Amino acid sequence: MYCTMKPLLAQAMEDGQGVPAFNIHALEVVPVMAKAADAVKCPVILQVSVSTAKYIGYSLLASIVKKVSEDMTVDVALHLDHATDLEDIRGALDGGFSSVMYDGSKLPFEENVANTLKAVELARNAGASIEAELGIVGRGKIIETYPYTEPEDAAEFVRRTGIDALAVGIGTHHGMYKAKTNIRLDILKKIHEAVDIPLVLHGGTGVRDDDVRECVRLGMHKLNFGTELNVSWVRKAKEVFAEAEPDDTMRNLMIECNQAMTETIQKKIQLVRF
Ligand code: 13P
């Protein structure tokens, strides 16, 4: 069933489990992701960056995810990832997304609170769930000194905004690097003690398998994986397309790439459900 991420995260919190959130990079993979999760009976959040959402079109993407969800035995949510502009949140909600993220993490605390409150109002009016971020998740170059989330700030942020899930900075980075990230589980533990809503792991690709499990134990109930799925698809595509003839059916070429992504998805699901 198509739903918001709120009941999925509430159930996961009760069961001490995680809900995986997979980044859609192209329309082709929407049914692939949903079926991969359905096959192992795992509720799933399909999420999309603002640029990919605009490339596909908000309402086209939402209608397809809704339609695909009808055939699934598990719940499926569609979530806008890292929106920094309230207009994009409006666009996604008008298009039929069931969930959004407002990311004001680069703003001063008070400005982040003020904008997040506006995003919360938009989401509530549309009956959608909302995630926000405090503390930075890195991208590109790995930085040594890091703006980790302060546990007391996290508690105040959650109390003042009324969000459904909080993304926190514990040293993760978006993307794929030669080495896995050293994350600060000690800081996560303190945030978990201070905050009573589900926390969100960003940059799941760079996190060691054992650390992903520990993050679930320490209150992270939404776990984001993006780059590694894209990498598994493209890696297989390089192999398959290199050997293909121009009149080969695209469908058959893509089936192999979709299968490679399915395997990565199911490995990630095993990490968050135990
Ligand atoms: P990765 O691409 O590093 O897995 O991160 C995904 C993510 O956190 C999306 O917001």
Side-chain angles (χ1 to χ4, degrees), residues 5 9 18-26 29-30 33 36-37 44-56 61 77-85 88-89 92 97 99-106 119 129-143 146-149 163-184 188 198-209 211-213 215-216 220-235 260-272:
M5 70 176 182
L9 297 184
V19 180
F22 298 124
N23 281 79
I24 299 165
H25 294 100
V29 302
V30 169
M33 289 177 165
V44 67
I45 298 164
L46 302 185
Q47 62 184 13
V48 65
S49 67
V50 170
S51 40
T52 303
K54 284 182 173 168
Y55 168 70
I56 298 172
L61 181 54
L78 175 62
H79 179 78
L80 184 69
D81 199 19
H82 288 292
T84 52
D85 185 333
D88 294 328
I89 291 198
F97 278 48
S99 189
V100 288
M101 172 187 189
Y102 174 71
D103 179 0
S105 60
K106 292 193 180 66
S129 49
I130 177 151
E131 170 187 344
E133 179 166 329
L134 189 67
I136 307 271
V137 179
R139 188 181 291 281
K141 203 159 64 110
I142 294 188
I143 332 158
Y146 216 82
Y148 298 108
T149 306
I163 51 172
D164 299 312
L166 178 69
V168 290
I170 56 163
T172 61
H173 305 265
H174 291 108
M176 189 130 161
Y177 302 88
K178 287 204 178 86
K180 294 282 182 184
T181 316
N182 289 320
I183 58 172
R184 292 287 304 270
L188 175 58
L199 300 172
V200 183
L201 175 76
H202 278 255
T205 293
V207 180
R208 286 181 201 94
D209 290 357
D211 283 347
V212 171
R213 290 220 169 96
C215 285
V216 176
M220 289 188 144
H221 297 290
K222 173 175 181 271
L223 300 104
N224 294 356
F225 303 100
T227 309
E228 200 171 333
L229 275 54
N230 193 82
V231 167
S232 56
W233 202 100
V234 174
R235 223 174 238 154
M261 183 182 269
T262 297
E263 284 161 22
T264 306
I265 287 175
Q266 290 180 342
K267 273 189 205 142
K268 295 300 173 193
I269 290 176
Q270 279 174 14
L271 291 183
V272 305

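Computed from heavy atoms alone, side chains included, the values below leave out hydrogens, waters and symmetry copies. As the structure lists them, so they are numbered: ligands from 1, and atoms in each ligand from 1. Since this is a predicted model, take the numbers as computed values, not measurements. Numbers here simply count residues along the sequence, with the first being 1.
Residue Asn23 is tested with Asp81, Thr227, Thr52, Thr205 for a side-chain hydrogen bond (donor to acceptor under 3.5 Å, both in side chains); the sole match is Asp81. For the pairing with Val216, the side-chain contact (heavy atoms from CB on, under 4.5 Å) check across Leu199, Val19, Leu271, Leu223 returns one residue only, Leu223. Each of Asp88, Asn224, Asp103 was evaluated against His82; a single residue qualifies, Asp103, per the side-chain hydrogen bond (donor to acceptor under 3.5 Å, both in side chains) test.
Checking side-chain atoms of His79 against main-chain N and O of Ala77 turns up no donor-acceptor pair under 3.5 Å. Proximity of a side-chain donor or acceptor of Thr149 to a complementary backbone N or O of Gly169 within less than 3.5 Å is detected.
Close approach to Gly175 involves these atoms of ligand 1, each under 4.0 Å from a residue heavy atom: 1 (P), 2 (O), 3 (O). With ligand atoms numbered from 1 in the order given, ligand 1 contributes 10 (O) to contacts under 4.0 Å with heavy atoms of His82. Annotation for ligand 1: atoms under 4.0 Å from non-hydrogen atoms of Phe225 are 4 (O). Of all atoms in ligand 1, listed by their number and element, those nearer than 4.0 Å to a heavy atom of Thr227 are 1 (P), 2 (O), 3 (O), 4 (O). Atoms of ligand 1 lying under 4.0 Å from at least one heavy atom of His202, given by number and element, are 8 (O), 10 (O). Remark: ligand 1 atoms within the under-4.0 Å shell around heavy atoms of His173 are 3 (O). Interface atoms of ligand 1 facing Gly226, defined by a heavy-atom separation under 4.0 Å, are 1 (P), 2 (O), 4 (O), 6 (C).
Closest of all the heavy-atom pairs between Glu133 and Ser105 is OE2-OG, 3.4 Å.
Considering backbone and side-chain N/O atoms, Leu201 never comes within less than 3.5 Å of an N/O atom of ligand 1. Inclusion of Gly203 in the set of residues having an N or O under 3.5 Å from an N or O of ligand 1 is warranted. At least one N or O atom of Thr205 sits closer than 3.5 Å to an N or O atom of ligand 1. Considering backbone and side-chain atoms together, Asn23 places no N or O closer than 3.5 Å to any N or O of ligand 1.
Between His174 and ligand 1 there is a heavy-atom distance shorter than 4.0 Å.
Looking at Asp164 and Leu9, their side chains never come closer than 4.5 Å, going by heavy atoms from C-beta outward.
Residue Arg208 qualifies as enclosed at atom CZ: its count of foreign heavy atoms under 6.0 Å is above 12.
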